[in-house]
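Input: a single structure, listed below in structure tokens.
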Amino acid sequence: YKEVVRLDPQWAGPYVNLGNIYRETGNYDAAAASYKEAIKLKPDFAQAHANFDIMNFALGNYSDAQGRLIRAVEIREYKDTYSALFAYLNASMLGKSPEQSAVILGKVLENIGDSKVWERALLKYYLGEITRKEFIALADNAEKQCECYFYIGSMFFVNGKTRKARKYWKMTIETDI
């Protein structure tokens, strides 16, 4: 991707891919610089906003992440389930009202369409429309089970229940996905 960036420095896409590689290898400063460059070149590039802020969330930089996560959801016209979920989790870590974040989740649920059954289940679980047991029952393959346990664990974590969070995150790892 460095070569692509060198050949066409005005193309935002390779900066996001380069940022992803830097993030995965633990070079967070370089990842941040790559994501920022992509956003500078294309301010409405939702994936750049989302990837940058999911990294910030993972690093515990919650205040840095919140605005761009919401921006990513807005850019995608409230059809970005995963950025919306991270915005919800992030807001919880900042001690913000869950009602405000629930409004965003509700808008995404309204806009993603009926064909995205799994994404709808994720949103409904976070909105309290289905129980944990119902959510787990909908995870009908290993990939969905991995996501299911991760998001259940994350919900416990932001609610201060770290022991239960660890239990579900351990189950996430045990799916071997």
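Keep in mind that what you see is a predicted model, and the values were worked out from it rather than measured.
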- How close do Leu138 and Ala121 get, heavy atom to heavy atom, and via which atoms? CD1-CB, 3.6 Å
Determine all donor-acceptor pairs shorter than 3.5 Å in which one atom belongs to a side chain in residues 148-161; sequence neighbours excluded.
from: Ser154; atom 1: OG; to: Phe150; atom 2: O; distance (Å): 2.9
from: Asn159; atom 1: ND2; to: Met155; atom 2: O; distance (Å): 2.8

- Applying side chain to side chain donor-acceptor pair (under 3.5 Å), name anything that partners Gln47, two or more places apart in sequence or on another chain. Asn51, Arg76
- For Leu105, side chain to side chain contact (heavy atoms under 4.5 Å, CB included) partners two or more places apart: Ala84, Leu85, Tyr88, Leu123, Tyr126, Leu127
- When rounded to the nearest 0.5 angstrom, what distance separates CD1 in Ile130 from NZ in Lys124? 7.5 Å
- Query: Between atom CD of Glu74 and atom NZ of Lys107, what is the distance when rounded to the nearest 0.5 Å?
  - Reply: 8.0 Å
- Task: Before giving the answer on side-chain contact (heavy atoms from CB on, under 4.5 Å), spell out for Phe135 and Leu122 the whole-Å C-alpha distance, their side-chain angles and the decisive distance to 0.1 Å.
- Result: CA-CA 7 Å; Phe135 182 43; Leu122 280 165; 3.3 Å; yes
- Partners passing salt bridge (Lys or Arg N to Asp or Glu O under 4.0 Å) against Glu37 (at least two apart in sequence or in another chain): Lys40
- Taking every non-hydrogen atom, the tightest pair across Ala48 and Ala38: CB-CB, 3.9 Å
- Message: When you compare the side chains of Arg120 and Tyr125, does any donor N or O come within less than 3.5 Å of an acceptor on the partner?
- Response: no
- Message: I want to check something: taking the side chain as every heavy atom from C-beta on, are Phe86 and Ser83 in contact at a cut-off of under 4.5 Å?
- Response: no
- Item | Glu129 CD: over 12 foreign heavy atoms closer than 6.0 Å | yes
- Item | Residue pairs involving residues 58-77 (criterion ring-ring contact (aromatic ring centres under 6.0 Å, His included); sequence neighbours excluded) | Phe57-Tyr62
- Approximate separation, where rounding is to 0.5 Å, of Lys116 NZ and Leu109 CG: 12.5 Å
- Answer yes or no: is there a side-chain heavy-atom contact under 4.5 Å between Arg23 and Asn20? yes
- Message: To check you understand the geometry: which heavy-atom pair defines the closest contact between Trp11 and Tyr15, and what is its length?
- Response: O-CD1, 3.3 Å
- Query: In the hydrophobic clustering (ILVMFWY, side-chain contacts below 4.5 Å, transitive), which residues join Val16, or is it alone?
  - Reply: Tyr28, Tyr35, Ile39, Phe45, Phe52, Met55, Leu59
- Message: As a quick check of understanding, evaluate side-chain contact (heavy atoms from CB on, under 4.5 Å) for Tyr82 and Glu147, giving each step before the final call.
- Response: CA-CA 11 Å; Tyr82 295 97; Glu147 272 193 31; 2.9 Å; yes
- Message: Please check if the number of heavy atoms outside Asn141 that lie under 6.0 Å from its CG is greater than 12.
- Response: yes
- Item | Where Ala31 and Gly19 come nearest, the two heavy atoms and their spacing | CB-O, 3.3 Å
